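What follows is a set of notes on a single structure, which appears directly below.
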Amino acid sequence: MPKTKKLAFMALLTAMALTIFVIEAQIPAPVPIPGVKLGLANIITLTAMVLLGRKEAGVVLFLRIIMGAMFAGNPSTIIYSAAGGLLAYFAMCLLVGIIPENRLWLISAISAVCHNAGQLLACALVVQTPGVFVYAPALAASGIITGLFTGFAAMYLIKALRKMRN
Amino acid sequence: MIVVASFRAEGKFANFRKMKTKHILILLVAAVLLCAGGFWLIKNADTGSVAVIKVDGQVRDKIDLSKVEESYEISIDTEYGHNTILVEPGAISVIDADCPDHVCVKQGKLTGGGLSIICMPHRLVIQIGGSDIDA
């Protein structure tokens with residue numbers, strides 16, 4: 001892909017991720033468990049990772065987290081989304097070379113669990129209460145379920161984007 | 001047992017390429033069920049009746065819920081934000097907060113068990129009993 005086109009595509013993906021992130025923040029939490037959310041913005045991170053590469057996906061993710069905290073309210077939550085996002089990103093980088101692309105849903109599920117783990121770890125450090133780990137099983141389960149969902153969504157998006165480009 | 005047997009038949013545990021989709025899905029469902037079981041166990045754990053309110057890791061208040069006779073409200077105002085806590089006989093809950101998601105309010109009443117009410121943006125934790133109180 002030419003450099004300019006790639007830059008434009010990255011900007012487009014960042015805008016999409018940010019839009020999804022802001023809209024998702026308006027959706028009330030489906031279950032009253034702190035930290036549980038759909039994680040729809042992860043669809044874009046996965047898509048960027050498959051279509052562009054690790055480095056580019058990292059840039060898109062970094063920009064989304066920084067700008068997401070600016071647009072979607074509370075700046076103190078940036079610690080949680082950054083810790084979760086970083087851990088999920090590393091998991092994704094590692095797995096994308098091991099697991100074939102037709103099983104992107106598995107990469108997504110594992111990275112979603114890692115996101116929740118990172119978020120919970122950050123929360124435990126911030127509030128200095130190991131007691132928050134009581135939510136670890138609930139967050140692991142929700143990570144698997146939402147991760148599978150976003151993984152399938154990313155697979156459809158990648159398929160559509162590839163078709164569009166050709 | 002079925003899962004274990006299927007892994008033996010497939011050979012290497014960590015080789016995702018050789019694993020069948022069905023087996024991965026069974027593994028994921030098993031993991032979800034296991035986690036749900038763990039959550040249920042924690043939720044129903046016997047932890048006593050003393051509620052501890054913490055902000056930023058510092059204990060703000062300790063209330064024995066079994067000795068509360070009349071309901072009252074506590075206001076927690078910190079640099080992170082505002083929460084209103086309702087203390088009732090045998091129960092504690094957050095009834096108002098100025099955070100964006102209101103997860104702490106939706107968590108409802110805490111009457112016992114191992115779970116806690118957590119307001120992540122405001123660094124507020126309310127838990128009943130628990131091993132890390134006296135430490």
Side-chain angles (χ1 to χ4, degrees), chain A residues 24-37 69 72-81 84 95 97-100 102-103 105-107 109-110 113 116 119-120 122-148 151, chain B residues 14-17 19 21 24-25 27-43 45 47 52 54-59 79-81 98-108 113-133 135:
Chain A
E24 201 196 329
Q26 311 303 317
I27 302 171
V31 282
I33 293 167
V36 169
K37 59 173 187 172
N74 214 314
S76 69
T77 52
I78 195 173
I79 313 166
Y80 309 122
S81 57
L95 292 171
I98 302 169
I99 300 171
N102 61 357
R103 281 188 184 153
W105 46 270
L106 183 59
I107 301 177
I110 296 170
V113 173
N116 285 354
Q119 187 177 275
L120 196 60
C123 183
L125 289 174
V126 165
V127 301
Q128 290 161 39
T129 309
V132 300
F133 283 113
V134 294
Y135 284 106
L139 285 171
S142 93
I144 292 173
I145 295 164
T146 60
L148 282 177
Chain B
N15 197 334
F16 289 108
R17 277 173 210 277
M19 266 167 78
T21 303
I24 301 175
L25 285 175
L27 191 72
L28 289 181
V29 170
V32 170
L33 290 178
L34 206 68
C35 289
F39 184 70
W40 187 80
L41 281 178
I42 290 168
K43 196 173 187 286
T47 48
V52 181
K54 282 188 190 177
V55 177
D56 228 351
Q58 305 296 313
V59 176
E79 52 180 304
Y80 313 113
D98 60 357
C99 57
D101 56 4
H102 284 85
V103 169
C104 52
V105 179
K106 281 183 204 130
Q107 279 186 271
L115 292 184
S116 11
I117 294 175
I118 301 170
C119 179
M120 293 214 298
H122 296 173
R123 307 186 177 187
L124 173 81
V125 178
I126 304 170
Q127 56 180 30
I128 306 231
S131 55
D132 56 320
I133 286 172

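Quick caveat: nothing in here was measured; it's all calculated off a predicted structure. Chain letters run A, B, ... following the sequence lines, proteins first, then strands; residues in each count from 1.
To the nearest 0.5 Å, the span separating CG on Leu28(B) from CH2 on Trp105(A) amounts to 6.5 Å. Between the CG atom in Asn102(A) and the OG1 atom in Thr21(B) there is a gap of 7.5 Å [rounded to 0.5 Å].
Contact between Gln128(A) and Gly57(B) at its shortest, heavy atoms only, is CB-CA, 3.9 Å. Contact between Pro137(A) and Phe39(B) at its shortest, heavy atoms only, is CB-N, 3.9 Å. Listed here is the closest heavy atom pair of Ile42(B) and Val134(A): CD1-O, 3.5 Å. When all heavy atoms are compared, the tightest approach of Val103(B) to Pro32(A) is CG1-C, 4.4 Å.
Looking at Ile33(A), the atoms closer than 4.5 Å to chain B (heavy atoms on both sides) sit in the backbone and in the side chain alike. Using a 4.5 Å cut-off between heavy atoms, Ile27(A) does not touch chain B at all. Heavy atoms of Ile118(B) lying under 4.5 Å from chain A belong to its backbone as well as its side chain.
Taking His102(B), Lys43(B), Met120(B) one by one and counting their heavy-atom pairs under 4.5 Å with chain A, the maximum is reached by Met120(B).
Judged by distance alone, the side chain of Tyr135(A) and the main-chain N or O of Ser116(B) form a donor-acceptor pair under 3.5 Å.
By the 4.5 Å heavy-atom criterion applied to side chains, Arg103(A) and Ile24(B) are counted as neighbours.
In this structure, the side-chain hydrogen bond (donor to acceptor under 3.5 Å, both in side chains) partners of Tyr80(B), at least two apart in sequence or on a different chain, are Asp56(B), Arg123(B).
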